[in-house]
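Down below is the structure, laid out as structure tokens.
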Amino acid sequence: LRLGRGSDVESSLELAVAKIEALAAERPGDPVVLEAMATVYGRAANAYAYGKRTRESVRHSIAFNRKVLSATESILAAC
């Protein structure tokens, strides 16, 4: 997921998140999918943190960082 700046960023993020979450639903507990999910969530968190920097974007960034932590904990639990 490569994002620049502009109005397409949020829709690209939503699409990437939806796709990885759908894959995770098909393959629950798969460490490769969980790692990919953590990566997508991390990129989304960074995009929201370093984008417009509104209260809403910071909230989105925090929420995605929490999802990164959850995915990472799932990876560790699978080991």
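Numbers here simply count residues along the sequence, with the first being 1.
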Gap separating the [atom1] atom of [X] from the [atom2] atom of [Y], nearest 0.5 angstrom:
X     : Y     : atom1 : atom2 : value
Tyr41 : Leu13 : OH    : CG    : 12.5 Å
Leu23 : Asp30 : CG    : CG    : 7.5 Å
Arg59 : Thr54 : CZ    : OG1   : 8.5 Å
Leu34 : Glu73 : CG    : CD    : 12.0 Å
Ser70 : Asn65 : OG    : CG    : 12.5 Å

### Query
What residues form a side-chain hydrogen bond (donor to acceptor under 3.5 Å, both in side chains) with Asn46, not counting sequence neighbours?
none
### Message
Tell me whether the rings of Tyr48 and Phe64 are parallel (<30°), tilted (30 to 60°) or perpendicular (>60°).
### Response
parallel
### Summary
Members sharing Ile62's hydrophobic cluster, built from side-chain contacts under 4.5 Å between Ile, Leu, Val, Met, Phe, Trp and Tyr, are Val58
### Query
Is the shortest side-chain N to carboxylate O distance from Glu21 to Lys67 below 4.0 Å?
yes
### Query
Between the main-chain N or O of Ser57 and the side-chain N or O of Ser61, is there a donor-acceptor pair closer than 3.5 Å?
no
## Note on the structure
Correct closest heavy-atom pair for Ala38 and Thr72 would be CB-OG1, 4.3 Å
